[in-house]
Amino acid sequence: GSEAVDEQAQEEEAEDKLKEYMDSILDKSAKTRQAALQSLRLAFSSKTLSEFLLERRLTLTDSLEKCLKKGKGEEQALAGTVLTLLCLQMGSGPEGEEVFRSLKPLLVSILTDSTASPIARQSCATALGMCCYIAAADLE
């Protein structure tokens, strides 16, 4: 019994941290946003969080969109990576497709922008390819 309680407490603590990181993506400080994106990248790549993310995907998608639009270089690259991992977490169903469809134009825009940093463009290209492979319903 107490092991299950401990596990649930750890789960809740982890979810609280994730919520904190998701809030920090919208911080005024670029350093804070980047740290939050790095923490999300680590969390999304180390654990299946699809249930937790399912109800927060729209908020997270909006936050990532802001990072991609307003951020520079490293922040855009991290946002692209987190987006890829979010797409992986959502899978090939309608939720993953929705996330991809909403950010696809922005990814293409950064990818084709010759003034964007190479690291941001590379990350957006990877995000575009992976998300397209996982979640695009339209074969074209």
Side-chain angles (χ1 to χ4, degrees):
S2 71
E3 282 181 25
V5 171
D6 285 349
E7 198 172 305
Q8 188 173 358
Q10 285 179 332
E11 185 94 10
E12 286 173 11
E13 191 179 318
E15 286 184 4
D16 287 344
K17 278 202 180 311
L18 286 170
K19 289 175 192 170
E20 219 175 273
Y21 300 146
M22 289 167 70
D23 288 342
S24 295
I25 292 177
L26 299 173
D27 197 271
K28 286 185 185 201
S29 160
K31 268 192 170 164
T32 303
R33 292 193 306 268
Q34 285 182 17
L37 288 166
Q38 286 174 329
S39 297
L40 287 174
R41 180 186 69 190
L42 189 64
F44 291 4
S45 59
S46 60
K47 191 174 181 190
T48 302
L49 300 160
S50 42
E51 273 187 42
F52 172 82
L53 292 171
L54 203 55
E55 58 200 46
R56 293 169 180 84
R57 71 183 184 283
L58 298 176
T59 307
L60 188 53
T61 303
D62 287 347
S63 300
L64 290 172
E65 181 178 0
K66 287 181 177 111
C67 289
L68 287 166
K69 279 183 178 174
K70 296 179 180 169
K72 300 280 177 252
E74 182 70 23
E75 183 178 342
Q76 288 176 313
L78 283 165
T81 302
V82 172
L83 172 63
T84 303
L85 293 167
L86 176 62
C87 233
L88 276 167
Q89 292 271 354
M90 291 295 98
S92 61
E95 294 85 6
E97 185 187 338
E98 177 185 26
V99 167
F100 173 58
R101 193 176 49 238
S102 68
L103 290 179
K104 180 184 169 194
L106 186 54
L107 290 172
V108 171
S109 163
I110 294 169
L111 178 62
T112 57
D113 178 1
S114 60
T115 63
S117 80
I119 193 168
R121 293 174 73 189
Q122 183 265 331
S123 179
C124 288
T126 302
L128 202 55
M130 287 295 291
C131 294
C132 191
Y133 180 73
I134 296 163
D138 181 9
L139 292 177
E140 284 185 45

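Side-chain atoms are counted along with the backbone in the values below, which use heavy atoms only and exclude waters and symmetry mates.
- Interatomic distance, Ser29 OG to Arg33 CZ, rounded to the nearest 0.5 Å: 7.0 Å.
- Of all non-hydrogen atoms in Ser92 and Ile134, the two that sit nearest each other are CB-O, 3.2 Å.
- Between the side chain of Ser123 and the backbone N or O of Ile119, no donor-acceptor pair lies under 3.5 Å.
- Residue Tyr133 holds its OH atom at 13.5 Å from SG of Cys87, rounded to the nearest 0.5 Å.
- Linking Ile, Leu, Val, Met, Phe, Trp and Tyr residues whenever their side-chain heavy atoms come within less than 4.5 Å leaves Leu42 and Leu78 in two separate clusters.
- By the criterion of side-chain heavy atoms lying less than 4.5 angstrom apart, applied directly or through intervening Ile, Leu, Val, Met, Phe, Trp or Tyr residues, Leu26 is not grouped with Met22; the two fall into different hydrophobic clusters.
- Applying the salt bridge (charged side-chain N to carboxylate O under 4.0 Å, His left out) criterion to Arg56, with sequence neighbours excluded, gives no partner residue.
- Of the possible donor and acceptor atoms, none in the side chain of Ser24 sits under 3.5 Å from a partner among the backbone N and O of Asp27.
- In terms of heavy atoms, Ile110 sits closest to Cys124 at CG2-SG, 3.6 Å.
- Atoms CG and CE, from Leu88 and Met130 in turn, are 4.5 Å apart once rounded to the nearest 0.5 Å.
- Interatomic distance, Ser45 OG to Gln89 CD, rounded to the nearest 0.5 Å: 9.0 Å.
- Going from atom CD of Gln76 over to atom CD of Glu74 covers 10.5 Å, rounded to the nearest 0.5 Å.
- Considering only residues two or more places apart in sequence or on other chains, Glu11 meets the salt bridge (charged side-chain N to carboxylate O under 4.0 Å, His left out) condition with Lys47.
- Using a cut-off of 4.0 Å between Lys/Arg side-chain N and Asp/Glu carboxylate O, Arg57 and Glu95 are scored as not salt-bridged.
- At a threshold of 4.5 Å between non-hydrogen side-chain atoms, the residues Tyr21 and Gln38 do not count as touching.
- A distance-only check finds no donor-acceptor pair linking the side chain of Thr32 to the backbone of Lys28 [under 3.5 Å].
- Note: Arg121 CZ to Leu128 CG = 12.5 Å, rounded to the nearest 0.5 Å.
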Without placing hydrogens or testing angles, list every side-chain donor-acceptor pair under 3.5 Å for residues 63-72, not counting sequence neighbours.
residue	atom	partner	partner atom	Å
Ser63	OG	Thr59	O	3.0
Glu65	OE2	Lys69	NZ	3.1

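- When all heavy atoms are compared, the tightest approach of Phe44 to Leu86 is CD2-N, 4.1 Å.
- Contact detail for Ala125 and Leu111: the closest heavy-atom pair is CB-CD1, 3.5 Å.
- With hydrogens and angles disregarded, a donor-acceptor distance shorter than 3.5 Å links the side chain of Thr126 to the backbone of Gln122.
- If you chain together hydrophobic residues whose side chains sit under 4.5 Å apart, Val82 and Leu58 never meet in one group.
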Check the pair Ile25 / Leu60 against side chain to side chain contact (heavy atoms under 4.5 Å, CB included), numbers first and verdict last. CA-CA 9 Å; Ile25 292 177; Leu60 188 53; 3.8 Å; yes
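- Nearest heavy-atom pair, Thr115 versus Asp113, reported as atom, atom and distance to 0.1 Å: OG1-OD1, 2.5 Å.
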